[in-house]
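Notes for the one structure printed next.
Just so we're clear, the structure is a prediction, and the values are computed from it rather than from any experiment. By convention in this document, chain letters (A, B, ...) are assigned in the order of the sequence lines, proteins followed by strands, and residues within each chain are numbered from 1.
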Amino acid sequence: MMRLKKLYELLFNLYGPQNWWPVDEEYHRKKGTDKREEVIIGAVLTQNTSWKNVERALENLKREGEFSLSFIREVNMEELKRLIKPSGFYNQKAERLKDIAHFLNPTHRVKTIQREELLKVRGIGKETADAILLYAGDRLNFVIDKYTQRFVGRFLRIRGNYEDLKSFFEESLPRDLYIYKEFHALIDEHGKRYCRSTPLCGECPIKDICLSASPSF
DNA sequence: TACCAGGTGGGAA
DNA sequence: TTCCCACATGGT
């Protein structure tokens, strides 16, 4: 079986660095806000939503509000819903953002918070928790999403639940933050281009190493 | 028109 | 435990 690290290198050579998580560095420099809070807000807004729609919501927040948890805490609920509306599921997401913003107050710093604590917050599931820990907290937590499950299912014939796959990646890869961040983003990029739910295997540039001749999911 | 997108929580089986 | 559904906007 092709080693995971080799697969990472293959995708990296194919697509180049993805530089996730995208944040507006200049905005945070000027405003003196914490870019990690933009990651947290984006992680909730992107739940089952295309990033394009999340960007619209983030633009609204930038224009009429602020990328900060203190803003989320203070803003009126109806106003928050209006701002994040383009990202869909805005009723739930507004409530979740409020919950998270109150939970991640200054006594709970992202750099030291435990995964189990994050998972207790309503609206933070495993994927969102790991995305926050990895991209906002620089913690070695590999993020598993639908693309990742599809990818290892097809390319490596490996299936399992969230924790199984997370352990597989974490035990197989070097403990390197850059690789964790890039590999997850690269898998998503490949998933968007070719390894879709209805895959474009004929056009896939790495179909030769795929173990799935007839993808079933 | 139908499907999908950087998921989660809750209830039924 | 596993499966199914609601949650909602916007692109293809």
Side-chain angles (χ1 to χ4, degrees), chain A residues 8 11 15-24 35-61 67 77-101 103-104 115-137 139 141-154 159-166 169 179-200 203 215-217:
Chain A
Y8 160 72
L11 291 177
Y15 303 122
Q18 302 296 300
N19 300 313
W20 275 23
W21 196 283
V23 291
D24 190 337
K35 65 182 181 185
R36 291 175 300 188
E37 299 191 355
E38 183 182 345
V39 176
I40 294 166
I41 294 166
V44 173
L45 294 182
T46 198
Q47 290 173 354
N48 204 37
T49 303
S50 66
W51 186 252
K52 281 280 175 205
N53 288 355
V54 174
E55 283 177 328
R56 290 164 186 269
L58 291 175
E59 277 304 312
N60 287 347
L61 281 172
F67 293 146
M77 180 64 100
E78 292 309 309
E79 177 67 0
L80 180 57
K81 287 180 183 176
R82 185 182 70 77
L83 294 171
I84 67 170
K85 196 163 189 175
S87 73
F89 306 117
Y90 56 88
N91 289 308
Q92 324 191 95
K93 286 178 180 175
E95 286 187 17
R96 290 171 181 182
L97 282 174
K98 284 277 187 187
D99 284 353
I100 293 162
F103 177 72
L104 287 174
R115 187 170 186 255
E116 293 67 29
E117 290 182 273
L118 271 179
L119 290 173
K120 286 180 192 162
V121 183
R122 194 176 46 142
I124 299 186
K126 290 175 180 175
E127 182 178 338
T128 306
D130 289 329
I132 289 173
L133 290 168
L134 178 61
Y135 293 105
R139 311 270 287 279
N141 275 265
F142 201 86
V143 183
I144 305 295
D145 62 2
K146 276 186 213 159
Y147 286 123
T148 313
Q149 292 175 29
R150 233 184 257 155
F151 184 77
V152 295
R154 288 173 179 165
R159 300 186 188 197
N161 62 29
Y162 189 98
E163 299 298 339
D164 292 339
L165 295 181
K166 176 175 157 69
F169 274 87
I179 292 178
Y180 274 43
K181 290 181 179 182
E182 284 297 329
F183 200 7
H184 172 69
L186 286 162
I187 289 172
D188 279 26
E189 183 61 24
H190 187 66
K192 282 179 212 165
R193 293 189 191 213
Y194 307 103
C195 215
R196 304 175 179 178
S197 51
T198 303
L200 303 175
E203 301 167 34
S216 57
F217 71 107

Do any side-chain atoms of residues 120-127 of chain A form donor-acceptor pairs under 3.5 angstrom with protein atoms, and if so which ones, sequence neighbours left out?
from      : atom 1 : to        : atom 2 : distance (Å)
Arg122(A) : NE     : Asp99(A)  : OD2    : 3.2
Arg122(A) : NH2    : Asp99(A)  : OD2    : 2.9
Lys126(A) : NZ     : Glu163(A) : OE2    : 3.4

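- Phe169(A) is linked by a ring-ring contact (aromatic ring centres under 6.0 Å, His included) to Phe142(A), Phe183(A), counting only residues two or more places apart in sequence or in another chain.
- Partners of Asn141(A) under the side chain to side chain contact (heavy atoms under 4.5 Å, CB included) rule, at least two apart in sequence or in another chain, are Arg115(A), Asp130(A), Leu133(A), Arg139(A), Lys166(A), Glu170(A).
- Protein chain A touches strand DNA chain C; the 5'-most and 3'-most nucleotides with an atom under 4.0 angstrom of its non-hydrogen atoms are dC7(C) to dG11(C).
- Remark: Arg150(A) is not in phosphate contact with dC4(B), judged by side-chain N or O atoms under 4.0 Å from OP1 or OP2.
- Using a 4.0 Å cut-off between charged side-chain N and carboxylate O, Arg56(A) and Glu59(A) make no salt bridge.
- Distance noted for atom C1' between dC3(B) and dA8(C): 14 Å (whole Å).
- Listed by chain and number, the residues in a salt bridge (charged side-chain N to carboxylate O under 4.0 Å, His left out) with Lys35(A) are Glu25(A) (sequence neighbours excluded).
- Straight-line distance from the CG atom of Asp130(A) to the C1' atom of dT8(B): 14 Å, rounded to whole Å.
- Using a 4.0 Å cutoff on non-hydrogen atoms, the parts of residues 39-58 of chain A near DNA chain B are Thr46(A), Gln47(A), Asn48(A), Thr49(A), Ser50(A), Trp51(A), ordered by number.
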Can you list the steps and then say if Tyr180(A) with His184(A) is a ring-ring contact (aromatic ring centres under 6.0 Å, His included)?
-> CA-CA 6 Å; Tyr180(A) 274 43; His184(A) 172 69; over 10 Å; no

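- Residues meeting the salt bridge (charged side-chain N to carboxylate O under 4.0 Å, His left out) test with Glu116(A), sequence neighbours left out: none.
- Rounded to whole Å, the distance from CG on Asp99(A) to P on dT8(B) is 15 Å.
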Pairs under 3.5 angstrom, nitrogen or oxygen only, protein versus nucleotides 9-13 of chain B, please.
from   : atom 1 : to        : atom 2 : distance (Å)
dG9(B) : OP1    : Gly123(A) : N      : 2.7

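- You can call Trp20(A) stacked on the base of dG6(B); the centres are under 5.5 Å apart and the planes sit within 30°.
- Taking atom CZ of residue Phe89(A) and atom C1' of nucleotide dG7(B), one finds them 8 Å apart after rounding to whole Å.
- At whole-Å resolution of the value, CG in Asp188(A) and C1' in dC4(B) are 14 Å apart.
- Scanning for side chain to side chain contact (heavy atoms under 4.5 Å, CB included) contacts around Lys85(A) gives Tyr90(A), with sequence neighbours left out.
- Listed by chain and number, the residues in a salt bridge (charged side-chain N to carboxylate O under 4.0 Å, His left out) with Lys192(A) amount to none (sequence neighbours excluded).
- Comparing dC7(C) with dA5(B), their C1' atoms are spaced 14 Å from each other, to the whole Å.
- Taking atom CD of Gln149(A) as the reference point, atom P of dT8(B) lies 11 Å away to the nearest angstrom.
- For the P atoms, the distance linking dG6(B) with dT12(C) amounts to 12 Å, nearest Å.
- With sequence neighbours left out, the salt bridge (charged side-chain N to carboxylate O under 4.0 Å, His left out) criterion links Arg36(A) to Asp34(A).
- With sequence neighbours excluded, the residues satisfying side chain to side chain contact (heavy atoms under 4.5 Å, CB included) with Glu79(A) are Glu64(A), Val75(A), Asn76(A), Arg82(A), Leu83(A).
- Atom pair Tyr90(A):OH and dG7(B):C1' shows a separation of 19 Å (rounding to whole Å applied).
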